[in-house]
Student: 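Quick one: the structure is below, and I'll ask about it shortly.
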There are 2 protein chains.
Amino acid sequence: MSTKPARPTIRDVAIRAGVSMTTVSDVVNSKGRVDPATRERVLTAVSDVGWRPRRSARALRSGRTGVFAMCLPLGHVGVGDWLTNAEYDMALVAACAAATVDSDRQLLVAPRPTDVRDLARLDVDGVIIADPREGDQALTVLNNAGVPAVTIDRDIQRTDGWWVETDNTGSTLQVLDHLTAQGAKRIALVTADAPWAWFEDTSAAYARWCAEHDVKPQVRLIDVERPRATAAAGVRSLLRLKNPPDAIFAIPYGTPLGALDAITESGLSVPGDLLLAGGMDGQMLQVSSPPITAVDLRPIEMARAAVDLLARRVSGEKAVGPVVIQTELRVRESTSRR
Amino acid sequence: MSTKPARPTIRDVAIRAGVSMTTVSDVVNSKGRVDPATRERVLTAVSDVGWRPRRSARALRSGRTGVFAMCLPLGHVGVGDWLTNAEYDMALVAACAAATVDSDRQLLVAPRPTDVRDLARLDVDGVIIADPREGDQALTVLNNAGVPAVTIDRDIQRTDGWWVETDNTGSTLQVLDHLTAQGAKRIALVTADAPWAWFEDTSAAYARWCAEHDVKPQVRLIDVERPRATAAAGVRSLLRLKNPPDAIFAIPYGTPLGALDAITESGLSVPGDLLLAGGMDGQMLQVSSPPITAVDLRPIEMARAAVDLLARRVSGEKAVGPVVIQTELRVRESTSRR
DNA sequence: CTCCTTTGACGAAACCTTTCGGCAAGGCTA
DNA sequence: TAGCCTTGCCGAAAGGTTTCGTCAAAGGAG
């Protein structure tokens with residue numbers, strides 16, 4: 001006549017182990033003082049009974065939910081271009097999910113909060129923001145509400161040290177040096193002037209490198225909403241110069257293909273007449289003809305580092321400055337002159 | 001000397017509105033009976049005070065967490081090929097997130113549970129499983145634990161009606177008819193024999209169509225781990241036949257490009273000598289040369305439908321059979337013979 | 001005028017875990 | 001032996017919401 005097939009609680013464990021609920025709690029949370037023998041007894045009781053603490057009860061009492069939220073720039077769901085960075089974003093999400101689970105937390109994906117009400121609904125311990133825009137609205141909201149946040153890529157207006165970024169300067173120099181080593185003399189840059197650290201750092205590094213190497217900088221800006229078409233237009237204008245570039249470094253995803261369009265159109269070839277490199281690797285660059293050399297931004301490493309950093313921030317540690325991830329250059333046919 | 005900058009609770013709302021906490025709760029949950037005037041008073045009190053119910057407290061009492069989990073096939077994070085369907089998966093995640101938020105829930109992304117312990121950690125109201133494998137382990141675990149689940153795409157061993165699927169048969173026929181209309185006489189199929197409904201349905205529809213149209217079926221199977229390379233090999237073997245096909249329908253993502261490789265290699269052209277269509281649309285098919293006609297599997301619609309279905313299952317409704325989403329054929333240059 | 005039903009609202013218990021202060025027993029010091 | 005500290009454990013309160021049963025007042029029927 002037993003009417004208790006219900007999910008076990010900490011009380012069941014306590015009874016089974018012959019201790020108090022407090023002691024069980026202390027054991028599973030590694031708090032307080034408890035005799036090793038007792039600890040052992042409790043742990044076996046836990047697994048015998050098959051108990052898992054309710055996240056909600058724990059959260060209610062402790063004030064910590066054990067949940068991180070990840071805010072992606074999902075604004076354009078459904079609109080044509082919005083998947084341009086799908087690969088990168090998906091890698092971020094997947095890796096964040098894996099990392100949060102490893103730390104016994106959960107990862108929530110959410111549209112970016114623009115308003116305190118959205119935020120309150122979130123009810124999480126911390127937030128990871130991918131690709132923050134300059135002075136990101138969401139970030140302000142979170143700061144005001146006292147919700148710990150870290151960003152993946154740096155918000156250029158921020159200086160608090162709570163973010164993860166790639167070594168944009170280093171990767172730019174690496175690309176420029178590589179192109180030079182392959183014989184390029186006049187390297188042009190295709191980028192955007194959107195307020196993202198990625199673009200700013202790259203442009204700055206390029207300018208400095210040009211100055212140091214006594215090369216005349218040639219830059220073309222594209223419209224991030226239509227990367228391929230506007231990149232093609234930009235490169236066309238470069239090719240019409242009296243002294244056209246012999247190599248192109250195209251940053252935003254999609255622009256290397258636009259560059260390739262323009263070059264092919266002009267009857268020139270890659271890598272024969274021009275070298276071509278991309279700033280963000282992805283399938284499309286791997287399968288184009290020729291395959292295009294590009295910078296691997298290491299999204300998986302970025303994500304893991306971000307989760308780690310957020311965990312530290314949530315637990316009250318002081319900021320130690322941003323985490324910098326080294327990128328890797330994937331050399332392919334488009335820059336292999338022989 | 002006010003020491004209460006704390007987050008407001010339902011009690012604060014109750015006091016402000018001059019009613020009991022019970023009444024506030026009834027109002028916000030549309031339960032019980034409450035006078036329209038009172039309801040109004042409570043609602044303004046809620047927004048005056050700026051109160052949002054704690055998810056954890058609500059969950060603790062009601063037993064419902066307001067969270068759905070989404071399990072993706074994230075097994076291969078980090079391994080080379082794993083991002084093949086990144087675009088599709090990302091669209092699923094994004095759309096699921098949007099849809100759950102719309103229904104005032106949250107979406108959690110998680111690795112697929114393989115074991116009851118993983119599952120207990122989940123602590124969610126329901127689970128969405130994308131791309132279930134035949135007799136998916138996770139599904140068994142969930143069923144045994146009594147956790148409501150729906151799948152995106154059908155688990156071919158299941159018959160309970162709780163899933164969302166695309167009209168694979170319809171889309172196959174649409175492609176075959178389209179190719180025929182463009183002049184194809186001998187259409188070959190490149191697919192995989194992995195135990196997924198997508199492949200099974202397509203193969204079956206193809207076989208039936210061939211029988212009805214008195215066409216000799218020609219099928220090549222690929223290795224899903226290396227779609228492009230094995231598809232190229234398969235198509236090479238087709239082209240060596242004494243009576244080679246004049247059109248190819250390549251299903252898994254990546255295979256149309258492999259087919260294109262093999263065709264180009266043989267000195268033939270698309271769409272001049274052969275027509276080519278893909279079973280799953282994506283950027284790589286849009287930007288290849290020529291752009292390749294493909295089936296848009298409507299991930300966004302699938303996701304929204306899945307969330308909707310799960311909500312119904314969670315609230316105890318009876319299954320009404322699977323939800324079928326109509327696909328759309330994106331016609332491009334690769335099948336445009338003129 | 002009485003009795004019954006409906007309406008509108010409420011008090012208190014329950015949900016499950018963590019936290020806080022306390023307490024008994026044993027060991028050590030002087 | 002007295003006093004103090006450490007160890008190991010526990011009781012009870014607290015955290016915010018929903019649920020259950022109750023109840024007074026108003027309305028309707030006879």
Side-chain angles (χ1 to χ4, degrees), chain A residues 3-43 45-46 49-67 104-105 120-125 315, chain B residues 4-43 45-46 49-67 104-105 120-121 123-125 315:
Chain A
T3 49
K4 234 207 160 189
R7 184 169 164 185
T9 77
I10 198 175
R11 150 169 273 128
D12 300 319
V13 177
I15 293 174
R16 173 100 177 201
V19 298
S20 73
M21 289 161 44
T22 303
T23 301
V24 176
S25 177
D26 281 348
V27 168
V28 301
N29 295 308
S30 310
K31 283 187 176 171
R33 283 179 302 229
V34 28
D35 188 80
T38 312
R39 159 183 307 277
E40 210 50 50
R41 205 147 32 92
V42 168
L43 290 177
V46 165
V49 173
W51 172 75
R52 288 277 134 193
R54 260 78 160 172
R55 296 194 101 93
S56 45
R58 173 176 280 188
L60 177 57
R61 177 64 244 227
S62 70
R64 269 161 273 118
T65 61
V67 178
D104 200 27
R105 272 181 266 247
R121 287 200 172 154
L122 234 41
D123 235 359
V124 297
D125 290 345
S315 68
Chain B
K4 233 205 159 191
R7 185 168 163 185
T9 76
I10 198 176
R11 151 170 272 128
D12 300 320
V13 177
I15 293 174
R16 172 98 177 204
V19 298
S20 72
M21 289 159 42
T22 304
T23 301
V24 176
S25 176
D26 281 349
V27 167
V28 302
N29 295 307
S30 309
K31 282 186 175 171
R33 282 179 304 229
V34 30
D35 187 79
T38 311
R39 156 182 311 275
E40 211 50 49
R41 209 151 27 95
V42 168
L43 289 178
V46 165
V49 173
W51 172 76
R52 287 280 134 191
R54 263 80 160 166
R55 296 193 101 93
S56 45
R58 173 176 281 186
L60 176 58
R61 176 64 243 225
S62 70
R64 270 160 273 119
T65 62
V67 178
D104 200 26
R105 272 181 266 247
R121 288 201 173 153
D123 233 358
V124 297
D125 290 346
S315 70

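Computed from a predicted model, the values in this text were never measured in an experiment. Note: hydrogens, waters and symmetry copies are ignored here, and every other heavy atom, side chains too, is used. Order of the sequence lines sets the chain letters (A, B, ...), proteins ahead of strands, with each chain counted from 1.
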Student: Kindly say if A/T23 contacts the phosphate of D/dC10, meaning a side-chain N or O under 4.0 Å from OP1 or OP2.
Tutor: yes
Student: Which parts of nucleotides 17-24 of chain D does protein reach within less than 4.0 Å, heavy atoms only, written one letter per nucleotide 5' to 3' as B for base, S for sugar-phosphate only and - for none?
Tutor: BBBB----
Student: Between B/L60 (CG) and D/dG16 (P), how many Å, whole number?
Tutor: 12 Å
Student: Which pair of non-hydrogen atoms, one from A/D125 and one from A/G66, has the smallest distance, and what is that distance?
Tutor: OD2-N, 2.7 Å
Student: If the test is side chain to side chain contact (heavy atoms under 4.5 Å, CB included), which one of A/T9, A/L60, A/I10 qualifies with A/R54?
Tutor: A/T9
Student: Below 4.0 angstrom, N of the basic side chain to O of the carboxylate: do B/D35 and B/R41 qualify?
Tutor: no
Student: Could you tell me the separation between the CD atom of B/E40 and the P atom of C/dG8, rounded to a whole number of Å?
Tutor: 15 Å
Student: Using only atom types and a distance under 3.5 Å, with no angle test, would you say the side chain of B/S25 pairs donor to acceptor with the backbone of B/M21?
Tutor: no
Student: State whether the side chain of A/D123 and the backbone N or O of B/R55 hold a donor-acceptor pair below 3.5 Å, judged by distance alone.
Tutor: yes
Student: Could you give the CZ-to-P distance, from A/R39 to D/dT7, as a whole number of Å?
Tutor: 15 Å
Student: If you take all heavy atoms of A/V42 and A/A17, which pair is closest and at what distance?
Tutor: CA-CB, 4.1 Å
Student: Rounded to whole Å, how long is the line connecting atom CZ of B/R41 with atom P of C/dG8?
Tutor: 13 Å
Student: Counting the atoms with a prime plus P, OP1 and OP2 as sugar-phosphate, which does B/T38 contact under 4.0 Å by heavy atoms, base, sugar-phosphate, or nothing?
Tutor: sugar-phosphate
